[in-house]
> 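I'd like to ask you about the structure that follows.
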Protein chains: 2
Amino acid sequence: MPKLMKTAFDPISGVSMSRERNDIDYTMLNSLVGYRLRRAQLAYFENFTATCTEQGVTPGLFGILAIVYHNPGLTQTAVAQAIETDRSAMVAAVDKLEKLGLIERRPAENDRRSYALFLTGHGITFTENLHRKVLKHEAHFEEVMKDGEKDWLLDLLTRIIDLDR
Amino acid sequence: MPKLMKTAFDPISGVSMSRERNDIDYTMLNSLVGYRLRRAQLAYFENFTATCTEQGVTPGLFGILAIVYHNPGLTQTAVAQAIETDRSAMVAAVDKLEKLGLIERRPAENDRRSYALFLTGHGITFTENLHRKVLKHEAHFEEVMKDGEKDWLLDLLTRIIDLDR
DNA sequence: TATTGTTATACTCTATAACTATA
DNA sequence: TATAGTTATAGAGTATAACAATA
């Protein structure tokens, strides 16, 4: 589908309005950073999800692999906190990763209630590989970024994320 | 909770690493624009959702109101396409907005299969009010933005959104 | 008494298929 | 035959409550 943008500028809101390809006026939604952030995130995630799916995992499972990759030995609850999900959601997720042979539950040394999580050998190469593929797919979006804009974006996003913590 | 960031720089990936407040290494996830985009979007949405909830609607319902506000007379299916959801999901949503007295289904003039959607008088003031409140809450995030950064961010996000369309 | 992993449960979102009435 | 609104349904994702084992 060809993109056809007629862009205007609203002197009242100080916001660029666009009647988009479907000729619908998004002025109010476009005035909100949160809404554009959501749409941009969805665009990235479509790409990201496809890359994960090709390799047989979901974005959520990749998040767990990425955390355990850099932090071997964390408990399930610690990983849950790291990715800001509930520990109850971890059970099925770790089950899946175990069945895929990517992760191992080992009894924790000091606490018989908890497991320590480790990637298997296969899990390590799988995770590194998937990370490379995701980065390669992400590079597509850098076509629209000028020199230095990516670093600027990463930095600004980090400031936003850290604001209320 | 105080924020305590120890920031380092990974000469291999060229990515700033941070052992975050919980002392967990997010290097791999932080190297992905998509992941930071998601976290930043979640931060914005927490704020946005709270503002909507105070007024008795959800972010999804606000999206419908915002579209119909600027595009009165659209059919349900057209609005569904505008916010990129399925028309089947519109039914319950418009039902709710109707019960709240914010929106009206009127028989379409040329096509007896479809309804044209319009905001009621109350719906118009409600939507303008909510929009103002959301903008006010969003202003909180501008604390972390330098001069001109907000416009630059909006512009870059728009380029990302429009890339594959 | 508090915490870990677990199960059951529920609620939202999203997507699909099928039905009806119109076109 | 195709489309609009509708209904039913099913799958992810997320959140809560409760339980047994352990701290």
Side-chain angles (χ1 to χ4, degrees), chain A residues 22 35 38-39 41-43 45-46 48-50 52-53 56-65 67-68 71 73-99 103-118, chain B residues 22 34-35 38-39 41-43 45-46 48-50 52-53 56-64 67-68 71 73-99 103-118:
Chain A
N22 47 16
Y35 184 73
R38 176 169 170 272
R39 301 249 313 240
Q41 188 260 318
L42 287 175
F45 245 61
E46 202 171 311
F48 178 35
T49 304
C52 287
T53 303
V57 294
T58 63
L61 294 181
F62 175 73
I64 296 173
L65 292 174
I67 293 295
V68 178
N71 307 272
L74 285 186
T75 65
Q76 283 187 196
T77 299
V79 174
Q81 286 166 351
I83 60 175
E84 290 178 66
T85 184
D86 195 87
R87 67 203 153 93
S88 67
M90 289 291 296
V91 183
V94 176
D95 283 352
K96 276 178 205 157
L97 292 173
E98 235 179 3
K99 255 163 222 150
I103 217 170
E104 268 181 26
R105 283 178 170 105
R106 298 188 204 155
E109 297 189 345
N110 308 322
D111 189 335
R112 282 187 297 169
R113 289 173 304 182
S114 54
Y115 296 116
L117 299 179
F118 294 89
Chain B
N22 47 16
Y35 184 73
R38 176 169 170 271
R39 300 250 313 242
Q41 188 258 320
L42 287 175
F45 244 61
E46 203 171 309
F48 178 36
T49 304
C52 287
T53 303
V57 293
T58 62
L61 294 181
F62 174 73
I64 296 173
I67 292 295
V68 178
N71 307 271
L74 285 186
T75 64
Q76 285 188 195
T77 299
V79 174
Q81 286 166 350
I83 59 175
E84 290 178 67
T85 184
D86 196 88
R87 65 203 155 94
S88 67
M90 290 291 297
V91 182
V94 176
D95 284 351
K96 275 178 206 158
L97 293 173
E98 234 179 5
K99 255 164 223 151
I103 217 168
E104 268 181 28
R105 283 179 169 104
R106 298 191 204 153
E109 297 191 344
N110 307 323
D111 189 336
R112 282 187 297 169
R113 291 174 302 180
S114 54
Y115 295 116
L117 299 180
F118 294 89

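Every chain is numbered from 1, with letters handed out A, B, ... down the list of sequences.
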> Whole angstroms only, please: what is the CG-P distance between A:Asp86 and C:dA8?
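My rounded result for the distance is 16 Å.
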> Does B:Phe48 have its ring centroid less than 6.0 Å away from the ring centroid of A:Tyr35?
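Distance test on ring centres: not under 6.0 Å, no.
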> How about B:Gln76 and B:Arg105: does a side-chain donor come under 3.5 Å of a side-chain acceptor?
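Looking only at side-chain atoms, B:Arg105 and B:Gln76 do form a donor-acceptor pair, the distance falling under 3.5 Å.
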> Near DNA chain D, under 4.0 Å by heavy atom, which residues of residues 88-97 of chain A?
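Those residues are A:Ser88.
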> Cation-pi between B:Arg106 and B:Phe118: NZ/CZ under 6.0 Å from ring centre and within 45° of the ring axis?
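Relative to the ring axis of B:Phe118, which defines the angle, B:Arg106 lies inside both limits.
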> In whole angstroms, how far is the P atom of C:dT6 from the CG atom of A:Leu117?
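That distance rounds to 10 Å.
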> Hey, does the side chain of A:Ser114 come within less than 4.0 Å of C:dT3's phosphate (OP1/OP2), counting only N and O?
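No, A:Ser114 has no side-chain N/O under 4.0 Å of OP1/OP2 on C:dT3.
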> Can you tabulate the close N/O pairs, meaning under 3.5 Å, that link protein atoms to atoms of nucleotides 21-23 of chain C?
unit_1	atom_1	unit_2	atom_2	d
C:dA23	OP1	B:Arg112	N	2.9
C:dA23	OP2	B:Arg112	NH2	3.3

> Are any non-hydrogen side-chain atoms of A:Thr58 and A:Thr53 less than 4.5 angstrom apart?
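Side chain of A:Thr58 against side chain of A:Thr53, heavy atoms only: no contact under 4.5 Å found.
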> Do the side-chain N or O atoms of B:Arg87 get closer than 4.0 angstrom to the phosphate oxygens (OP1, OP2) of C:dA17?
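Negative; the distance criterion is not met.
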> Between B:Pro59 and B:Thr49, which heavy-atom pair has the shortest distance, and what is it?
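Here B:Pro59 and B:Thr49 meet closest at CG-OG1, 3.6 Å.
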> Are the side chains of A:Ile103 and A:Ile64 in touch, meaning some heavy atoms are under 4.5 Å apart?
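They are in side-chain contact.
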> Within a radius of less than 6.0 Å around CZ of B:Phe45, do more than 12 heavy atoms belonging to other residues, nucleotides or ligands occur?
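Count over threshold, so yes.
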> For B:Leu42 and C:dT12, give me the distance from atom CG to atom C1', rounded to whole Å.
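One finds 15 Å between C1' of C:dT12 and CG of B:Leu42, rounded.
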> Taking the minimum atom-to-atom distance to the side chain of B:Arg38, which one of C:dG5, C:dT14, D:dT14 wins?
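Side chain of B:Arg38 sits closest to D:dT14.
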> Taking side chain as C-beta onward, heavy atoms only, is B:Leu74 less than 4.5 Å from B:Ile67?
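With C-beta onward as the side chain, the pair touches.
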> In whole angstrom, give the distance that lies between atom CG of B:Leu74 and atom P of D:dG5.
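Going from CG in B:Leu74 over to P in D:dG5 covers 11 Å.
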> From CD of A:Glu84 over to P of D:dG13, roughly how many Å is that when rounded to an integer?
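Value for this atom pair: 17 Å.
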> From CD of A:Glu109 over to P of C:dT4, roughly how many Å is that when rounded to an integer?
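A:Glu109 atom CD is separated from C:dT4 atom P by 17 Å.
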> Please report the interatomic distance CE(B:Met90) to OG1(B:Thr85), rounded to the nearest 0.5 Å.
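Answer rounded to 0.5 Å: 8.0 Å.
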